[in-house]
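In what follows, a single structure is set out as structure tokens and then discussed.
In this text, all values refer to a predicted model and were calculated from it rather than measured experimentally.
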Amino acid sequence: MLEAVFNNIIVKPREEKESTYGSILVPDLGIENVFRGTIVSIGEGCYSETRNFVPTILKKGQKVVIPISGTEIIEDDGYVYWICPENHVLAIMHC
């Protein structure tokens, strides 16, 4: 299992369903730049330039929206995970 360090988070992507209208596939135009997923691991935090410890505020199990650009993909046991710093999270989903 992967474990996040410092202020990084590991997110497991949510399965996105394609929308159809009759037999026509309707693309989700916003899906290219961001994706939704669940945090499976989060680091404890990191030290700032002033040597103060800054703890992470997100929690394991939260559903988040993160940008696809600038993140890395890691495959572990057949699953795909995305890793990014906590401050790259665009939104927390409460549904």
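Considering all non-hydrogen atoms of both residues, Val80 and Pro13 come closest at O-CD, 3.0 Å. The shortest heavy-atom contact between Phe6 and Thr56 is O-CG2, 4.2 Å. Closest heavy-atom contact between Leu58 and Ile92: CD2-CD1, 3.4 Å. Closest approach of Ile57 and Glu86 over heavy atoms only: N-OE2, 2.6 Å.
If you take NE2 on His88 and CG on Asn7, they are separated by 9.0 Å, rounding to the nearest 0.5 Å. Between atom CD1 of residue Ile42 and atom NZ of residue Lys59 there is a gap of 7.5 Å, rounded to the nearest 0.5 Å.
Val54 and Ile9 are members of different hydrophobic clusters when ILVMFWY side chains are connected at heavy-atom separations under 4.5 Å. No single ILVMFWY cluster, assembled from side-chain heavy atoms under 4.5 Å apart, contains both Val5 and Val40.
Taking the six-membered ring where the residue is Trp, Tyr47 and Phe53 present perpendicular rings, their angle passing 60° and hence far from 30°.
For the pairing with Phe35, the side chain to side chain contact (heavy atoms under 4.5 Å, CB included) check across Val65, Val64, Ile66 returns one residue only, Ile66.
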For Arg14 and Lys63, run side-chain contact (heavy atoms from CB on, under 4.5 Å): C-alpha distance rounded to whole Å, both residues' side-chain angles, the deciding distance at 0.1 Å, then the answer. CA-CA 9 Å; Arg14 179 175 90 170; Lys63 294 175 181 18; 5.9 Å; no
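With hydrogens and angles ignored, the 3.5 Å screen pairs no side-chain donor or acceptor of Ser41 with any backbone N or O of Ile10.
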